[in-house]
Amino acid sequence: MDKYKNLLKVIAIQDLILANPTHNPPSVSLDFLSRLSQKLHLNRGAASFLRKYPHIFHIFYDPNKFRTFCRLTDAAMRVSRQEAEAINASLDVVVDRLVRLLSMSTTKSLPLRAVFKVWRELGLPDDFEDSIISRNSHIFKLVDAHEPKTHILTLTDEMRDKSFVACVENWRVMDCCRENCAVDRTEIRYSFKHSYPPGMRLVRDFKAKVKEWQRLPYVGPYEEMGEKKRSKAGIMGLEKRAVAIVHEFLSLTVERMVEVEKISHFRKSFAIDLNIRDLFLDHPGMFYLSTKGKRHTVFLREGYERGCLIDPNPVYNARRKLLDLVVLGRHAMLINNESRSVENCQTQKPCLQDEGRDESI
C-alpha cells in the first residue's frame, strides 16, 4: 500500500496518455500535465513525478512543436496491452460479475455512476457501456432516472429470477470436505473464514463473541431481505447480512480490494444502514483496512497471503507488473549509470598504459 497510492497516480497519467491517440505513439504535453498537477495530487509537480518512474514514463522534446511531451515506455506499453488483452479474454467473467452485483441490489438495478466508480476494480473494459451493456441487451438495459442526465443500469426481466451462490459457500463446502475437518457442519453453515495477523492477541471475550456471531443465521446477499426486524437478534442479522454483501462485493473484484469511499456509493442500493468503515473495523478477521495516504482501502483478508493474491487472475498479474515498475522507481537506472561509469574507467586504463604512465596513478 505504500507504493499503491503512487500506482493510482501513475494509472491516472497513463489513462490520459492512452486517451490521446492523435499522436503516434500516444503522448501528452508536460504543460497539460502540469495544469492538472493539483487534481492528480502531484505535490511536487508533474515533471518531478514523471522523472521518479523512468521505467514507465519517457519525457522527450518535440522540436517541431517546441514543447516537451511524455509518453509511455515500451515496458509500460507492454503491460498496458497485456492488461487489455486479459480483460478482453475474460468478458464472460466480467458479465457474470456485473450481473451478480446487480442481483445483490434490492431493486436489481444500480446507478450507472456507481458502476463507473468501480469499473476498474471489476475488471470492466473502459468502453463497457458499448462492449458489455449494449452488446448484452438480453441481460442489461439502461433506463432514465428521475434526475436529469442520470441513468440506471438494471437487469432484464429474464435475468431477475436467476439465482446465485455466494462465494463464501465455496469455502464452506471445501472446509467441510477436508479430511481433518473438526468443525460441526451445523456450525459452519453461517460461518465466514477468519484469519488474524500473527502478532494479534485475542482475548477470551472477543473469541466468544466471534464464535457466537459465526453461528448467527442471516439472509444471504442474493436472497430477498423481507421485513426488517428491530429486535436485537434482527439488528444483528441485518449487520451480518451487510458483512455478507461487502464480502461478496470484494470477492467479485479483480484484486479483492476496493476503496471504502467507492463501496459507500452502493449502501442505499444494497439496503445497508450501517457505517461501512465501522463494519470493516468490527471484523478484523475478515477485512484489512489500510489508511495509507488519503484513501482508505479495504482488502479481503482471506484472499491474500504475504502481500500477494492467493488465487491470481490474468488481469491482476498484468497490474502487478505495473506495480513492480512503480516499486522499481529509478533503482535500475542508477545501477545502469554506475555500471557505465565502471565500464568507462575500464576503457580508459589501457590508454594510460599506452602513454607510458604508471597505472596506479
Counting only pairs under 3.5 Å, give me each side-chain donor-acceptor contact of residues 263-270, with atom names and distances, residues two or more places apart or in other chains.
{"residue": "S264", "atom": "OG", "partner": "V260", "partner atom": "O", "Å": "2.8"}
{"residue": "H265", "atom": "ND1", "partner": "E261", "partner atom": "O", "Å": "2.9"}
{"residue": "R267", "atom": "NE", "partner": "I272", "partner atom": "O", "Å": "3.4"}
{"residue": "R267", "atom": "NE", "partner": "L274", "partner atom": "O", "Å": "3.3"}

Table please: side-chain donor-acceptor pairs of residues 194-205 below 3.5 Å, with sequence neighbours left out.
{"residue": "H194", "atom": "ND1", "partner": "F192", "partner atom": "O", "Å": "2.9"}
{"residue": "H194", "atom": "ND1", "partner": "Q214", "partner atom": "NE2", "Å": "3.3"}

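The stretch residues 86-108 participates, sequence neighbours left out, in these salt bridge (Lys or Arg N to Asp or Glu O under 4.0 Å) pairs: D96-R100, R100-E248. Among residues at least two apart or in separate chains, side chain to side chain donor-acceptor pair (under 3.5 Å) pairs with a member in residues 120-129 are D15-R120, E121-K262, D127-S131.
Closest non-hydrogen pair, G237 versus L216, comes out as N-CD2, 4.0 Å. Taking each heavy atom of L309 and V254 in turn, the nearest pair found is CD2-O, 3.6 Å. Nearest heavy atoms, I245 versus M104: O-SD, 4.0 Å. Looking at every heavy atom in both residues, F116 comes nearest to W119 through O-CD1, 2.8 Å. In this structure, L72 and Q14 approach most closely via the heavy-atom pair CD1-CG, 3.9 Å. The heavy-atom pair separating P111 from I152 by the smallest distance is CA-CD1, 3.8 Å.
In the hydrophobic cluster analysis, where Ile, Leu, Val, Met, Phe, Trp and Tyr join through side-chain heavy atoms closer than 4.5 angstrom, L18 is grouped together with L7. The cluster map of Ile, Leu, Val, Met, Phe, Trp and Tyr, joined by side-chain heavy atoms under 4.5 Å apart, puts F32 and I56 in the same cluster. Using a 4.5 Å cut-off between side-chain heavy atoms of Ile, Leu, Val, Met, Phe, Trp and Tyr, with links allowed through other members, L153 and I139 fall into the same hydrophobic cluster. Grouping the Ile, Leu, Val, Met, Phe, Trp and Tyr side chains by contacts below 4.5 angstrom, directly or via other members, places L122 with L142. Following chains of ILVMFWY side-chain contacts shorter than 4.5 Å, one cannot reach V93 starting from L155, and the two form parts of different hydrophobic clusters.
The distance from the CD atom of E224 to the OG1 atom of T106 is 8.5 Å, given to the nearest 0.5 Å. Q82 contributes atom CD, which lies 7.5 Å from atom CG of N317 (distance to the nearest 0.5 angstrom). Going from atom CG of L91 over to atom CG of L124 covers 9.5 Å, rounded to the nearest 0.5 Å. To the nearest 0.5 Å, the span separating CD1 on I132 from OG on S134 amounts to 10.0 Å. Once rounded to the nearest 0.5 Å, the distance linking CG of L98 with CG of N136 reads 9.5 Å. Here the straight-line distance linking atom OG of S163 with atom CD of E223 works out to 10.5 Å at 0.5 Å rounding.
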- Message: Would F60 and S27 count as a side-chain contact (heavy atoms from CB on, under 4.5 Å) here? Give the steps.
- Response: CA-CA 10 Å; F60 64 96; S27 60; 4.2 Å; yes
- Item | Full working for side-chain contact (heavy atoms from CB on, under 4.5 Å) between V298 and V258 | CA-CA 6 Å; V298 61; V258 70; 3.9 Å; yes
- Go through the steps for L42 and L33 under the test side-chain contact (heavy atoms from CB on, under 4.5 Å), then give the verdict. CA-CA 10 Å; L42 308 179; L33 292 177; 5.7 Å; no
- Task: Start with the C-alpha gap between L50 and L30, add the side-chain angles, then the distance that decides, and say whether side-chain contact (heavy atoms from CB on, under 4.5 Å) holds.
- Result: CA-CA 10 Å; L50 295 174; L30 199 59; 3.4 Å; yes
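In this structure the side chain of L322 reaches within 4.5 angstrom of the side chain of I11, judged on heavy atoms. D144 places a side-chain heavy atom less than 4.5 Å from the side chain of H151. Using a 4.5 Å cut-off on side-chain heavy atoms (C-beta onward), V10 and L325 make no contact. Taking the side chain as every heavy atom from C-beta outward, Y222 and V165 never approach each other to under 4.5 Å. At least one side-chain heavy atom of W171 sits under 4.5 Å from a side-chain heavy atom of I188. Side chains of E239 and L279 form a contact here, defined as non-hydrogen atoms less than 4.5 Å apart.
Distance alone, capped at 3.5 Å, places no donor-acceptor pair between the N20 side chain and the P26 backbone. Using a distance-only test at 3.5 Å, with no hydrogens or angles considered, no donor-acceptor pair links the side chain of S80 to the main chain of A76. Using modelled atom types, one side-chain atom of T156 and one backbone atom of H138 make a donor-acceptor pair closer than 3.5 Å. Using a distance-only test at 3.5 Å, with no hydrogens or angles considered, a donor-acceptor pair links the side chain of R241 to the main chain of G220. The backbone N or O of E255 lies less than 3.5 Å from a partner atom in the side chain of Y304, making a donor-acceptor pair. Side-chain atoms of K240 come within 3.5 Å of backbone N or O of Y190 as a donor-acceptor pair. Side chain of K9 to backbone of H41: a donor-acceptor contact under 3.5 angstrom is found. The closest donor-acceptor contact from the side chain of R330 to the backbone of P54 lies at 3.5 Å or more, if one exists at all. N6 places no side-chain N or O within donor-acceptor distance of the main-chain N or O of V326, the cut-off being under 3.5 Å.
A salt bridge between E259 and R295 is present, with a side-chain N of the basic residue lying under 4.0 Å from a carboxylate O of the acidic one. Checked for salt-bridge contact, K209 and E212 miss the test: no charged N lies under 4.0 Å from a carboxylate O.
Under the 30°/60° scheme for interplanar angles, the aromatic rings of F57 and F49 are found to be tilted.
Crowding of R160 atom CZ: a count of heavy atoms from other residues, nucleotides or ligands under 6.0 Å exceeding 12. Within a 6.0 Å radius of CG in D311, no more than 12 heavy atoms belonging to other residues, nucleotides or ligands are found. A 6.0 Å sphere centred on OH of Y288 holds no more than 12 heavy atoms belonging to other residues, nucleotides or ligands.
Under the salt bridge (charged side-chain N to carboxylate O under 4.0 Å, His left out) test applied with E83, the options K321, R319, R320 reduce to a single match, R319.
In this structure, F206 has no ring-ring contact (aromatic ring centres under 6.0 Å, His included) partners at least two apart in sequence or on a different chain. By the ring-ring contact (aromatic ring centres under 6.0 Å, His included) test, F287 pairs with F280, sequence neighbours left out.
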